[in-house]
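So the structure is just underneath, and the comments pick up after that.
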Amino acid sequence: MKAFILCGGEGTRLRPYTYTTPKPLLPVGGKPILQHLVEHLKKYEIKEFVLTVGYLKEKIMEYFGDGKKFSLKIEYATEDTPKNTAGSIRDYHGKVKETFAVLMGDHITDINMADMLKSHKKSKAIATVALLKKETKIEYGVAEIDKKTGRITGFSEKPVIEHDINTGIYLFEPEIFDFIEDKDDFAKQVFPRLLKAGKPINAYVAEFEWLDIGRVADYERVKQEWKIGDD
């Protein structure tokens, strides 16, 4: 199975770290974020990668090369201007003939890709989205209101709300390319387009570690609390 990893962003929220280093190359636990990701996927016999690169792309290409030093096959899709999550892979329309994965280059995870693929195949959906349960604590007391009468029916003191969050880990059938337009984002344009067309989107909900390294605070926390891959 081929995996596309999106690495083209400028990482503006991670400045000053990303002034000279693209965020997929920021080190965590002694190696770049992106290396953790490709090595994890390799455990599931995913050995062919397309890295979509833009900002400071030369540094990513120099570090990973053609993938041989990692026993992988790596090619690059370059972006002169940002094309968003879906638009960045649009040029591969007609070139991918089987199920493929899309992941983000600033994430680290221990997700079971074999289990996700099993769920995807069983669903017979065009797309599978990996979801992770996350609890959010509201820092204020919340009033419950009857919308018909406008009266308060109860109070919750700093309630905890559970969400199924989109991790940006996807499995797709090649048909997905028929629904991607230039500079599309998967969540904002492609998935709503699929739903409008009546195409099924499978939810893969599981327990796994997932680190989204999007801001300076996230990066500092991950470096301090590093767990995935310590062995």
Side-chain angles (χ1 to χ4, degrees), residues 1-8 34 36-52 72-75 77 83-136 161-212 214 228-229:
M1 182 167 64
K2 185 187 294 288
F4 291 82
I5 302 182
L6 312 186
C7 306
L34 183 55
H36 285 290
L37 184 57
V38 298
E39 288 179 348
H40 175 68
L41 296 176
K42 182 181 174 183
K43 296 176 183 177
Y44 296 94
E45 298 301 316
I46 299 175
K47 297 182 179 180
E48 292 189 24
F49 293 88
V50 176
L51 306 184
T52 67
L72 302 171
K73 180 180 179 181
I74 297 177
E75 58 182 290
K83 296 181 180 180
N84 285 323
T85 57
S88 63
I89 71 169
R90 185 170 181 255
D91 289 344
Y92 279 78
H93 192 171
K95 300 177 183 179
V96 181
K97 306 299 183 182
E98 59 183 10
T99 304
F100 65 95
V102 172
L103 302 97
M104 308 300 148
D106 57 351
H107 295 174
I108 303 177
T109 183
D110 66 353
I111 187 171
N112 187 324
M113 292 300 293
D115 193 52
M116 184 178 178
L117 180 61
K118 182 179 178 180
S119 172
H120 176 72
K121 292 297 187 182
K122 184 178 179 179
S123 73
K124 298 183 180 180
I126 187 175
T128 290
V129 178
L131 303 175
L132 187 65
K133 290 193 178 297
K134 185 177 180 65
E135 293 183 344
T136 302
I161 301 174
E162 189 173 78
H163 308 273
D164 290 318
I165 65 169
N166 179 359
T167 63
I169 302 173
Y170 308 127
L171 291 178
F172 294 117
E173 293 304 308
E175 184 187 355
I176 193 68
F177 287 102
D178 295 334
F179 295 87
I180 298 176
E181 297 179 5
D182 191 38
K183 297 185 178 180
D184 269 354
D185 179 86
F186 281 117
K188 294 179 180 178
Q189 285 90 31
V190 178
F191 292 150
R193 197 172 291 138
L194 290 178
L195 295 174
K196 186 176 181 180
K199 297 293 183 179
I201 303 174
N202 178 46
Y204 175 70
V205 184
E207 293 185 6
F208 55 92
E209 293 288 341
W210 176 75
L211 306 175
D212 178 6
I228 299 177

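- Using a distance-only test at 3.5 Å, with no hydrogens or angles considered, no donor-acceptor pair links the side chain of N84 to the main chain of A86.
- By the side-chain hydrogen bond (donor to acceptor under 3.5 Å, both in side chains) test, N112 is found to be paired with no residue, residues two or more places apart in sequence or in another chain being considered.
- By the ring pair (Phe, Tyr, Trp, His ring centres under 6.0 Å) test, F172 is found to be paired with F100, Y170, F186, residues two or more places apart in sequence or in another chain being considered.
- Side-chain N or O atoms of W210 include one that pairs as donor or acceptor with a backbone N or O of T167 at under 3.5 Å.
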Q. Are E181 and R90 close enough, and set up right, to give a salt bridge (charged side-chain N to carboxylate O under 4.0 Å, His left out), and what steps lead you there?
A. CA-CA 7 Å; E181 297 179 5; R90 185 170 181 255; over 6 Å; no

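- The salt bridge (charged side-chain N to carboxylate O under 4.0 Å, His left out) search around K2 returns E48, E75, not counting sequence neighbours.
- Using a 4.5 Å heavy-atom cutoff, the side chains of D164 and V205 are in contact.
- With values rounded to the nearest 0.5 angstrom, I74 atom CD1 is found 8.0 Å from I5 atom CD1.
- In terms of the side-chain contact (heavy atoms from CB on, under 4.5 Å) criterion, residue partners of S119 (sequence neighbours excluded) are, by chain and number, N202, Y204.
- Taking CG of L37 as the start and CG of D106 as the end, the distance is 9.5 Å to the nearest 0.5 Å.
- Considering all non-hydrogen atoms of both residues, A77 and S88 come closest at CB-O, 4.4 Å.
- Note that SG of C7 is 10.0 Å distant from CE of M104, once rounded to the nearest 0.5 Å.
- The distance from atom OG1 of T99 to atom NE2 of H120, rounded to the nearest 0.5 Å, is 4.5 Å.
- Atom CZ of F177 sits about 10.5 Å away from atom CD1 of I126, to the nearest 0.5 Å.
- Put simply, the side chain of D110 gets close to the backbone of E209: a donor and an acceptor are under 3.5 Å apart.
- Residues forming a side-chain contact (heavy atoms from CB on, under 4.5 Å) with K188 (at least two apart in sequence, or on another chain): D185.
- The shortest non-hydrogen separation linking L132 to A206 is CD1-O, 3.5 Å.
- Residues satisfying the side-chain hydrogen bond (donor to acceptor under 3.5 Å, both in side chains) criterion with H40, sequence neighbours excluded, are absent altogether.
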Q) Please walk me through it: do V102 and L6 pass side-chain contact (heavy atoms from CB on, under 4.5 Å)? A) CA-CA 8 Å; V102 172; L6 312 186; 4.2 Å; yes

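- The salt bridge (charged side-chain N to carboxylate O under 4.0 Å, His left out) search around D178 returns none, not counting sequence neighbours.
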**Q.** Test side-chain contact (heavy atoms from CB on, under 4.5 Å) applied to K121 and E173, step by step
**A.** CA-CA 10 Å; K121 292 297 187 182; E173 293 304 308; 3.8 Å; yes

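- For D91, the side-chain contact (heavy atoms from CB on, under 4.5 Å) criterion is met by K83, not counting sequence neighbours.
- Residues passing the ring pair (Phe, Tyr, Trp, His ring centres under 6.0 Å) test with Y92 are F4, sequence neighbours excluded.
- Shortest non-hydrogen contact noted between K183 and Q189 is O-OE1, 4.4 Å.
- Among residues two or more places apart in sequence or in another chain, the side-chain contact (heavy atoms from CB on, under 4.5 Å) test is passed with I201 by A127, V129, F191, L194, L195.
- Looking at heavy atoms from C-beta onward, T109 lies out of side-chain contact with L211 at the 4.5 angstrom threshold.
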Q.
Checking K47 against E45 for the salt bridge (charged side-chain N to carboxylate O under 4.0 Å, His left out) test, could you report, in this order, the C-alpha distance in whole Å, the side-chain angles of both residues, the deciding distance, and whether it holds?
A. CA-CA 6 Å; K47 297 182 179 180; E45 298 301 316; 3.5 Å; yes

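- L41 contributes atom CG, which lies 9.5 Å from atom CG of L72 (distance to the nearest 0.5 angstrom).
- Considering every non-hydrogen atom in both P192 and A187, the closest pair reads CD-O, 3.3 Å.
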Q) Would R193 and K199 satisfy side-chain contact (heavy atoms from CB on, under 4.5 Å), going step by step from the backbone distance to the final call? A) CA-CA 9 Å; R193 197 172 291 138; K199 297 293 183 179; over 6 Å; no

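- Legend: residues meeting salt bridge (charged side-chain N to carboxylate O under 4.0 Å, His left out) with E207, ordered by chain and number and at least two apart, are absent.
- Annotation: side chain of L171 is in contact with side chain of M113 (closest heavy-atom distance under 4.5 Å).
- Looking at residues two or more places apart in sequence or on another chain, you find no salt bridge (charged side-chain N to carboxylate O under 4.0 Å, His left out) involving K95.
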